[in-house]
Amino acid sequence: MTDDILNILVGVLVLAGSCFVLVAGVGLLRLPDLFSRMHAASKAGALGSGFVLLGVAFGSGDPDVTLRALAGIVFVLVTTPVAAHLLAKAALDTGQRPWAVAGSTAAAKGTLENPRVETRSGP
Amino acid sequence: MTESFLQVCLHLSLVLLGVSLVFTALRVVLGPTLADRVLALDTLSVLAIGFVGVYALASGLFVLFDIALGLAAASFLSTAAFARFIRSRRVRAPQPAEAGGKP
Amino acid sequence: MSTLIFRACAPLIVGLMLVFSVFVLLRGHNEPGGGFIGGLIAGAAFAALGMAFGTDAVRRALRVHPTAIAGYGLLAALLSGLPSLFLGQPFMTGIWYETTILGSYLALSTVLVFDIGVFLIVAGTFTSIALSLEEDGE
Amino acid sequence: MVILSLDLANPPAWLLVAPALLPLAGAGVLVALGRSPRLAGPIALIVLALALLADATLLRSVLLHGPASVTMGDWPPPFGISFAADTLGALFAVFAKLSAAAVAWAALGDEDARADQGFFVFLLVTVAGVSGAFLTGDVFNLYVWFEVFVIGSFGLVGLARTAEALDGAIKYAVLNLVGTTLFLIAIGLLYGAFGTLNMADIARKAPGVAQAGAPLGALALLFLLAFATKAAVFPLQFWLPASYPTATPLTAALFGGLLTKVGVYAMLKVVVMLMPAAGAEWSGLISAAACLTMLFGALGALAQDDLRRTAGFLVIAGVGTMLAGIATGDRTGLAGTVFYAVQSMAATSALFILVGAIGKAGGVSLQALGGLSHRSTLLAGCALVLALTIAGLPPGSGLWPKVLLVESSLAADRPYLTAAILASSLVLILALGRMFMLAFWRPAPPGAMAADRADERVTVTAPLAVLVSVGLVLGLWPEPFAQAAFSAADGLIDPSRLIDVVFPEGAAP
Amino acid sequence: MSGKLLAASFFALAWVVFGGGPTFGNLLFGGLLGLAVALLVPSPGRRSAGSEFRLLPALRLLLRFPLDIWLSGWRVAKLVLSPAMPVRPALLELPLRLEGEGRIALLANMITLTPGTLTVDVLGEADKRLLIHALDAPDVEAAKAEIRDGFERMILDAWGRGGPSP
Amino acid sequence: MIEASFAILAGLFFATAVYLMLAQSLIRVLLGIVTLGNGVNLLIFTAGRIGREAPPVIAEGFTAPAVAVANPLPQALILTAIVISFSLFAFILVLAFRGYEMLGTDDVSHMRHSEPRATLPPLGN
Amino acid sequence: MAAFPLVFFLPFIAAVFAPFLVRTPGGVWALPLILLLDFGLLAGHAPAIAAGEVLTGALAWAPSLRLSLSWRLDGLSLAFALVIAGIGVLVAIYAAAYLADDVRRGRFFAVLMAFAGAMQGLVLADSFFLMFVFWELTAITSFLLIGHSPWREEARRAALQAWIVTGAGGLALLAGLVLLGLASGAESFSELLPATGRLAETPLLEPALLMILIAAFTKSAQVPFHFWLPNAMEAPTPVSAYLHSATMVKAGVYLLLRLQPVLGSEAGWTTLLPIFGAATLVIGAGLALAQRDLKLMLAYSTVASLGQLVMLAGIGTKAALAAATLYFLAHALFKGALFMLVGVLDVAAGTRDATVLSGWRRNLPWSFLAGILAAASMAGLPLTVGFLAKEEVFLALSEAPVAATALTIAGLIGNAGLVAVAYLVGIRPFIGVQQPGEGKRAATIGLTLGPVVLAIAGVVLGLATGALHETLTTPMTSAAYGEPAVVTIGPVPHLGLPLLLSVSALALGLALALSFGRWREVWSSAARRVSLLGPDRGYDTVLRGGVLMAAGIANALQNGSMRFYLGVVFVLFAGVLLLPLGMGPGWPEWPGLAAFALHEWATMLVAAFGLFAIAVARSRVVAIAAVGLQGFALAVLFLLFGAPDLAFTQFMIEILSVVILTLALTRLNLAPPDQRTSAQRLFDLPVAVACGVGVIVMLLAVTRLPFDPALSEFFNARSYLDAHGRNVVNVIIVDFRGLDTLGEIAVVMTAGLAIFAVMRIRRQMRAAGGR
Ligand code: NA
Ligand code: NA
């Protein structure tokens with residue numbers, strides 16, 4: 001009995017993970033600028049692989065692998081945001097402006113190191 | 001019965017991953033900015049983790065699994081390196097001319 | 001690119017990568033892994049450390065020049081092949097010693113020493129390459 | 001002393017690996033110690049001396065008792081990697097080590113060599129790679145040892161400090177990398193066809209595999225292409241005149257003495273020995289390449305004003321001469337190739353050390369040089385003997401291989417090959433005669449000569465004298481070396497003795 | 001020194017996880033390896049982390065965070081898949097009450113991990129501010145408030161303000 | 001036959017590598033070198049014959065592979081080849097980088113410093 | 001017989017000790033003594049050789065190279081060896097005096113002695129290759145001797161010219177000897193001579209003959225290869241007397257006489273030798289009379305004499321060979337004497353100009369005596385050995401089997417010229433009005449001994465014909481003829497056509513000599529204009545042209561463009577892959593594709609897409625990003641087809657490659673376009689496609705073969721049991737084939753160090769303000 005539940009759980013988890021990865025893929029293509037695309041991509045990083053790794057954790061039946069899968073999730077949870085942050089900062093610092101941005105005074109005034117250069121690439 | 005459900009999910013996942021692999025590959029080439037390409041390459045590594053995970057489940061060979069962890073580590077380093085590359089290029093080279101260019 | 005967030009998280013990330021690299025090294029004989037991939041991951045870890053805290057911090061942390069690590073790795077690999085010569089066997093003949101202590105199975109061998117040599121070389125070399133390139137970047 | 005109590009009949013396992021692993025260990029020690037460039041030189045020299053001793057002992061054992069073999073890890077051949085020392089390999093290893101030791105000795109007193117402690121590490125790695133290549137009996141392991149000396153040589157050319165040296169280094173690196181990649185491609189295909197990597201096993205299986213329809217002709221040609229690139233055979237010699245002249249003189253001395261010879265050695269071992277039938281198919285092509293290489297090298301040497309470039313082209317001419325023996329492929333021809341390769345290791349290293357010394361004395365341009373014979377009679381004497389050796393004239397050592405190759409080409413009814421050998425010799429006499437006359441006999445233009453006597457420091461003249469005297473010994477008393485060359489040729493034509501020593505009881509794989 | 005020990009024990013734990021369970025061999029080797037890695041890696045002043053740690057808020061945070069990820073993840077998914085893709089990005093500048101580098105990094109990462117928001121950078125020296133890019137934030141102040149009262153509040157409860165690292 | 005399609009892919013790798021290595025810019029030549037290395041690895045992998053076998057890992061409780069496994073030897077050879085070509089590539093990359101800085105260009109046709117227009121030797125005696 | 005090998009080594013021993021002997025006072029005189037001992041040892045064998053014996057023997061030197069220190073002493077080699085040693089003694093004495101105050105005496109005598117050893121070795125050698133070795137050594141020592149005073153460009157030019165021309169001949173000799181060896185199976189002359197029968201059928205004979213003739217004609221300065229000999233007069237006079245008249249230039253004649261029994265009957269031999277010989281005789285004599293410098297006059301007359309000897313060897317009859325023997329002996333004596341005489345005049349009168357020198361009989365009485373006797377022998381006057389030679393020559397020419405009249409006329413003209421030279425050199429400078437010459441030094445005994453002894457010997461041999469023929473001429477002629485041939489000519493002239501011819505030659509010669517002053521100017525300017533087209537000018541143009549052509553070729557091919565270099569490599573690569581299969585067994589048939597799953601297709605697609613993207617990427621930044629794609633796809637492929645370790649490493653390396661690529665290229669300005677021109681694309685595309693197709697074809701040709709899984713089965717079976725490991729691939733890497741990995745990590749370490757070194761040098765140079 002428990003095996004059936006496990007299989008279903010693993011199947012769902014893996015499918016969900018893949019779906020989120022697909023959403024990230026679509027987001028990468030459809031979203032208008034780098035920063036919006038980063039949202040999609042960081043989501044794939046966290047949710048997509050997270051769910052697949054969870055699937056592997058439950059589906060492997062081998063405690064060693066389960067532990068390692070959980071460790072993998074922790075590692076992904078730490079590295080993905082840091083990588084996203086580094087990339088975003090680098091892009092912003094080199095004058096790449098988010099598309100149609102409202103709000104932030106800093107961005108508006110261009111107090112960042114270099115002048116505002118509007119980059120606009122349609123969806 | 002439920003085994004077949006799992007197999008279906010796994011195959012479906014492989015297809016989904018395959019499709020997103022193509023999408024991501026497109027972004028790697030389309031760009032337009034280098035940051036976009038780096039983001040796509042980083043997503044490629046995530047895709048690879050997905051691939052490894054699903055393939056391990058499908059083939060029952062969990063021995064492959066550690067590749068996923070190695071990948072996560074290496075992809076982090078590559079994105080960090082690219083970030084550094086992008087930032088330092090600004091100091092030397094003006095906004096890359098090919099920002100809006102198409103291949 | 002040394003930013004606050006990166007500097008805060010780097011020790012954790014690098015630490016995990018180093019532990020993982022040693023894990024990949026030690027179980028390489030039975031599951032995919034081994035000295036190369038372990039060394040590469042360790043190298044990547046120190047490269048990341050270099051990016052977060054600057055190359056001087058890494059050199060201080062390592063206390064020994066990375067290329068010297070590679071040198072010791074080569075000597076370890078060579079020495080691992082010598083014992084068999086003294087026993088009259090061809091070079092690099094594996095010598096194994098296996099026991100179980102308190103439930104944990106332990107296998108020491110010249111082949112493991114060789115793999116550790118490979119690990120040190122790959123880690124030392126890649127770190128050296130990354131650092132000398134990063135150093136240039138600043 | 002361990003070595004003296006050695007049973008030469010069946011040499012111990014360590015003797016076969018020592019020539020390659022000693023220099024490697026030396027490099028490891030230097031890298032681990034790191035900090036002291038001053039110590040690097042002496043350590044390197046001691047290591048090379050020990051390795052040379054091992055080489056000489058191994059050669060004696062092979063000459064007296066035939067080839068020796070050991071398989072690493074005590075695995076049964078062809079599964080483990082076998083080292084198989086036959087006369088060819090042991091002979092090449094000894095002379096390569098001799099040249100390397102002389103270069104190391106010269107490097108003790110050379111500023112740019114001592115300036116960077118990397119020099120001795122790279123030198124030791126290169127020598128380890130070359131020695132490993134000469135002694136291994138496994139074709140993929142041969143590739144690995146190729147890469148070891150290639151990266152060692154990369155390290156040496158990497159020490160470039162001028163634009164010309166750096167450009168030369170880039171060309172050297174890219175073209176040599178392509179060369180070794182061609183070799184790897186050929187090995188991949190060979191493994192696909194044979195299913196094994198052990199040379200003795202390949203030799204055994206060649207007839208059967210050929211019958212199964214394997215494209216051995218194409219495979220042999222691919223190996224030839226790869227080794228032709230490493231040996232700087234025309235038209236694949238471009239990397240050499242770009243890099244040897246611009247590297248530091250001692251780097252060029254090491255390269256000149258060793259690298260192209262390894263390419264020729266590989267041709268002999270892999271094509272002539274392992275795939276004789278397939279190799280023979282291309283003997284017409286090889287002799288054409290030999291003629292072109294000889295003439296291109298000789299004419300190139302005649303045309304240069306820069307002595308360093310002249311020396312580079314002389315190496316190419318030598319490669320063509322060696323190739324002539326492979327083209328005819330008979331016992332005399334192969335012996336000629338082996339004898340030439342062995343004697344030219346010492347001669348070419350000496351040539352580049354000499355050019356280096358002349359460079360310090362009065363620059364390397366013939367237009368500006370002159371009056372060197374007054375400056376140092378020893379240098380003039382060495383220059384003359386070297387010129388005679390390279391042109392293949394008595395009392396130099398280059399004469400005997402030329403005689404063998406003329407005999408072989410005429411016996412094989414290849415008059416155009418003979419004509420090329422003789423024509424290139426004549427052009428070499430002209431080129432070397434002019435070089436000697438203009439640099440040594442012509443009175444020095446005012447103020448051309450360097451004041452300090454850097455060119456006459458003992459660390460320049462001593463190694464030069466040793467290498468030149470090696471040439472004289474080979475020239476005046478060639479018998480033992482000719483015998484070794486002929487026994488090496490026999491080993492190539494009929495590898496059965498080697499196969500028996502690798503597979504003692506003819507064990508099936 | 002206590003920072004080093006904490007790091008060492010964390011890495012030892014990591015080894016046990018990798019090595020497949022807490023056998024004697026794993027614990028012994030893990031301890032040694034953990035110590036070695038801790039020495040190698042320059043651990044910043046973890047000192048202040050321990051002083052004001054309260055368990056309950058930390059647990060609340062641990063439970064609440066995955067839920068948040070799932071909810072906003074779903075929200076962003078709907079957004080990306082809808083044909084019109086009603087996206088109103090905004091660049092927020094959030095003044096911080098937290099001071100410890102570790103804490104700020106934790107907050108920044110949590111913001112990035114919850115889809116819809118991305119921490120771009122930490123601005124300023126004394127008056128630290130977080131520069132955040134929001135995928136869809138019509139009301140800038142509301143978005144800021146949501147974070148200030150959400151994740152930042154939870155971290156403050158669990159670990160306090162935290163002084164500047166030594 | 002699986003090898004057939006891998007052969008075609010290997011052919012593509014080689015064609016691209018050669019095309020890149022004949023490029024004007026040294027950077028593209030470097031990329032060609034990477035592609036060439038990948039191509040050679042695929043060639044060796046294909047030469048070792050490919051089937052849908054499991055990885056050559058002996059499962060717990062067995063002393064030899066229980067099921068048909070992929071050919072382990074080419075994998076070992078390729079592992080060695082990958083790392084070697086990576087090391088050589090890394091060196092050439094740094095050399096090219098140094099070359100760019102010193103020669104001021106990565107255009108191969110302008111990099112002729114090592115072989116300047118050769119000056120004629122003295123034609124007299 | 002033990003004395004014999006010593007003869008080989010004596011001169012070389014002298015050569016080694018010469019520099020020290022010269023420095024010790026009086027030590028220099030030891031050198032002629034050593035040569036005298038040499039002469040004595042040889043002379044000791046004369047009776048045995050006269051009795052028809054042939055002494056052969058050998059010391060093993062390099063058997064595997066078919067090389068032995070072997071000698072063959074018969075009439076021919078004995079006569080030559082005696083001349084070499086005999087005149088060597090006198091030249092050594094003469095040189096000791098002539099170069100008394102020359103600072104480089106040590107080097108000179110060492111090389112001179114080495115030459116004597118080489119020349120003697122050449123004529124005594126029995127093994128082919130031994131003779132070749134000595135032949136080349138004479139060329140090298142001649143180069144060093146001509147270049148004795150190298151600060152003069154003419155001396156350097158003459159030295160190199162001599163080495164190149166005789167060197168080329170040496171190479172031809174090697175080919176000729178090898179061909180003779182192949183045709184006859186002989187390794188030495190002793191084996192060759194009896195093997196004449198077998199030679200006839202082989203096709204190798206013509207080329208062998210041609211090579212031998214080239215060797216002989218260049219060494220013995222036959223027209224058109226004669227030009228190096230007059231130029232060699234740049235050498236000090238003792239060298240001119242010894243090498244370039246008595247010995248070295250005779251090596252070609254020796255070779256011809258030695259091979260005459262074997263090749264003498266060949267058509268090529270009997271036609272070419274007389275033609276070249278006669279032409280050289282006439283032209284040599286003519287040019288001699290166009291000179292003002294006595295030394296050049298003698299040089300050209302030597303060319304003429306060599307022509308005569310070659311002509312006689314060509315005729316090959318008993319009489320011709322007897323004439324050659326006699327003339328060889330006579331010439332050695334009188335020409336040696338006259339050369340040394342000219343040296344004395346040069347020292348005493350400070351000039352060698354024929355039109356200036358006159359009336360030196362009072363100051364140089366002994367020289368005058370030597371001049372008269374030597375001139376008499378050269379002119380062929382009775383009572384001299386020259387007369388015996390002249391008679392035999394005209395007898396041989398008149399009875400020549402082919403073109404006797406033409407040869408006789410040539411002989412007449414040539415010898416007339418030689419008579420004139422004899423008078424102009426031997427007599428004229430001493431007679432007439434004594435004019436004041438500001439001579440450098442008095443003619444010491446050392447200088448005059450040589451000419452006098454040689455001149456007197458010419459007369460003594462002329463008279464003691466019985467002893468002469470018995471000991472020297474008959475054995476030598478027999479050896480050259482191949483069968484016993486007794487020489488009988490007596491000192492008393494007897495009526496007959498030869499006497500008539502020699503008298504008319506004498507008369508014509510005297511007439512020319514006496515009227516020399518009147519027509520010399522006209523004749524020498526005419527000769528100079530003709531010589532502009534001559535071989536000497538030709539040598540210079542060939543040399544310059546050769547260097548320029550070589551430069552053209554080298555610069556055209558070695559043009560510095562790495563693109564060109566790589567283009568050649570890849571064209572050959574494509575050719576090597578496609579041609580053999582095209583020619584040989586044909587293309588492997590297409591085995592059909594396997595069925596692949598979607599994700600497998602997707603991965604291959606991405607790889608192909610990545611390759612396409614990188615190839616067409618317009619900017620290098622795009623290319624760098626795209627390189628990640630192909631690596632990724634390949635890694636996934638390895639993963640899908642049972643290679644986890646491979647996938648793992650490929651992933652890691654791929655990422656780290658991209659990391660290093662970006663870290664290193666941070667600085668480069670990748671913006672400027674670097675697109676190829678369409679012309680370049682026209683070349684690159686086909687080559688790239690050809691390489692791709694080639695790889696596909698070869699892979700298919702290899703993978704369709706049955707695969708021998710022996711190695712893999714062993715590894716799978718023994719991995720756990722013997723090597724304690726479950727991951728077979730890793731076990732192969734660290735144990736089964738651990739040595740590969742050891743080499744590999746050596747590469748990795750060295751690469752790291754090399755990169756570190758490059759970056760360190762970069763830092764040092766930038767710190768010092770460089771780039
Ligand atoms: Na070479
Ligand atoms: Na987020």
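No experiment lies behind these values; they were computed from the predicted model shown. Here is the naming used below: chain letters follow the sequence lines, and residue numbers restart at 1 for every chain.
Of the listed residues (D/Leu224, D/Leu404, D/Asp413, D/Leu175), the greatest number of heavy-atom pairs within a distance under 4.5 Å of chain G belongs to D/Leu175. For chain G, the option among D/Pro480, D/Ala303, D/Ala163 with the highest count of heavy-atom pairs below 4.5 Å is D/Ala303. Chain D forms more heavy-atom pairs under 4.5 Å with one residue of G/Leu204, G/Val758, G/Leu137 than with any other, namely G/Leu137. Heavy-atom pairs under 4.5 Å with chain G were tallied for D/Met72, D/Gln304, D/Lys171, D/Arg434; the largest tally goes to D/Lys171. The residue among G/Ile553, G/Asn559, G/Thr703, G/Leu179 with the most heavy atom pairs within less than 4.5 Å of chain D is G/Leu179. Per-residue counts of heavy-atom pairs under 4.5 Å with chain G were compared for D/Leu189, D/Val17, D/Thr377, D/Leu399; the largest is that of D/Leu189. Note on G/Gly738, G/Pro706, G/Gly560: by heavy-atom pairs under 4.5 Å with chain D, the leading option is G/Gly560. Looking only at heavy-atom pairs under 4.5 Å with chain D, the residue among G/Arg718, G/Arg156, G/Met562 that has the most is G/Arg156. Considering only heavy-atom pairs separated by less than 4.5 Å from chain D, the leading option among G/Leu739, G/Leu577, G/Ile164 is G/Leu739. Of the listed residues (D/Gly300, D/Ala169, D/Ala218), the one with the most heavy-atom contacts under 4.5 Å to chain G is D/Ala218. Interface summary for chain G: among D/Leu438, D/Val403, D/Thr71, the most heavy-atom pairs under 4.5 angstrom belong to D/Val403.
Under the 3.5 Å distance criterion, with hydrogens and angles disregarded, a donor-acceptor pair is assigned to the side chains of G/Gln764 and D/Arg161. No hydrogens or angles considered: a donor-acceptor pair under 3.5 Å links the side chains of D/Trp75 and G/Asp735.
Only one option out of D/Leu221, D/Thr229, D/Leu236 pairs with G/Leu572 in a side-chain contact (heavy atoms from CB on, under 4.5 Å); it is D/Leu236.
Within the 4.5 angstrom heavy-atom criterion, atoms from both the backbone and the side chain of D/Phe140 approach chain G. G/Ala159 touches chain D through its side chain: at least one heavy atom from C-beta onward sits under 4.5 Å away, while N, CA, C and O do not. Contact of D/Leu422 with chain G is made through backbone and side chain together, with heavy-atom distances under 4.5 Å. Within the 4.5 angstrom heavy-atom criterion, atoms from both the backbone and the side chain of D/Ile429 approach chain G. Contact of D/Asp138 with chain G is made through the side chain alone, with heavy-atom distances under 4.5 Å. Within the 4.5 angstrom heavy-atom criterion, only side-chain atoms of D/Phe234, from C-beta onward, approach chain G. The contact between G/Met698 and chain D is made by backbone and side chain atoms together, counting heavy-atom distances below 4.5 Å. For D/Ala423, no part sits under 4.5 Å from any heavy atom of chain G, backbone or side chain. Residue D/Glu281 does not touch chain G at all, counting heavy-atom pairs closer than 4.5 Å. Of the two parts of D/Phe149, neither the backbone nor the side chain holds a non-hydrogen atom closer than 4.5 Å to a non-hydrogen atom of chain G. For D/Val174, the part sitting under 4.5 Å from any heavy atom of chain G is the side chain, from C-beta outward, and nothing else. In this structure, chain D has heavy atoms under 4.5 Å from both the backbone and the side chain of G/Pro63. At a 4.5 Å heavy-atom cutoff, the contact between D/Leu182 and chain G is made by side-chain atoms alone. Proximity to chain G (any heavy atom under 4.5 Å) is shown, for D/Leu426, by both the backbone and the side chain. Heavy-atom distances place the side chain of G/Leu67, and not its backbone, under 4.5 Å from chain D.
Annotation: side chain of D/Lys402 is in contact with side chain of G/Leu171 (closest heavy-atom distance under 4.5 Å). Between D/Phe223 and G/Val576, the closest side-chain pair of non-hydrogen atoms is not below 4.5 Å. A 4.5 Å side-chain heavy-atom check between D/Leu384 and G/Leu144 finds at least one atom pair inside the cut-off. No side-chain heavy atom of G/Thr750 sits under 4.5 Å from any side-chain heavy atom of D/Val148. The shortest side-chain heavy-atom distance between D/Leu388 and G/Glu136 does not fall under the 4.5 Å cut-off. In this structure, the side chains of G/Leu742 and D/Leu21 come closer than 4.5 Å at one or more pairs of heavy atoms. Between G/Leu557 and D/Pro235, the closest side-chain pair of non-hydrogen atoms is not below 4.5 Å. The side-chain heavy atoms of G/Phe132 and D/Pro394, taken from C-beta on, include no pair separated by under 4.5 Å.
You'll find the ring centres of D/Trp441 and G/Phe143 inside the 6.0 Å limit. Aromatic pair G/Phe707/D/Tyr191: ring centres closer than 6.0 Å.
Between D/Phe238 and G/Tyr565, the ring planes lie parallel to each other; the angle is under 30°, not in the 30° to 60° tilted range. Between G/Phe715 and D/Phe79, the two ring planes are perpendicular [angle over 60°; tilted spans 30° to 60°].
Remark: D/Leu299 CG to G/Met549 CE distance equals 5.0 Å, nearest 0.5 Å. Here the CZ atom belonging to G/Arg104 is positioned 6.5 Å from the OG atom belonging to D/Ser373, to the nearest 0.5 angstrom. Note that CG of D/Leu30 is 10.0 Å distant from CG of G/Leu753, once rounded to the nearest 0.5 Å. With rounding to the nearest 0.5 Å, the separation of CG in D/Leu430 from CG in G/Leu543 is 5.5 Å. We find the CD-OH distance between G/Glu744 and D/Tyr143 to be 9.0 Å, quoted to the nearest 0.5 Å. Put simply, CZ on G/Arg66 and CD on D/Glu407 are 4.0 Å apart, with the number rounded to the nearest 0.5 Å.
Taking every heavy atom of both residues into account, G/Trp61 and D/Leu476 meet most closely at NE1-O, 2.6 Å. D/Ala160 approaches G/Ile761 most closely through the heavy-atom pair O-CG2, 3.9 Å. The minimum heavy-atom distance between D/Leu197 and G/Leu711, with the atom names listed, is N-CD2, 4.3 Å. Minimum heavy-atom separation, G/Ile140 to D/Leu393: CD1-CB, 4.1 Å. For D/Asn141 against G/Arg737, the heavy-atom pair with the smallest separation is N-NH2, 3.8 Å.
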Determine, stepwise, if the pair G/Phe573 / D/Leu222 fulfils side-chain contact (heavy atoms from CB on, under 4.5 Å). CA-CA 8 Å; G/Phe573 178 57; D/Leu222 191 55; 3.7 Å; yes
Show your working on side-chain contact (heavy atoms from CB on, under 4.5 Å) between G/Asp708 and D/Thr196 and close with a plain yes or no. CA-CA 8 Å; G/Asp708 174 2; D/Thr196 178; over 6 Å; no
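Checked by atom type and distance alone, the side chain of D/Glu479 pairs as donor or acceptor with a backbone atom of G/Ser64 at under 3.5 Å.
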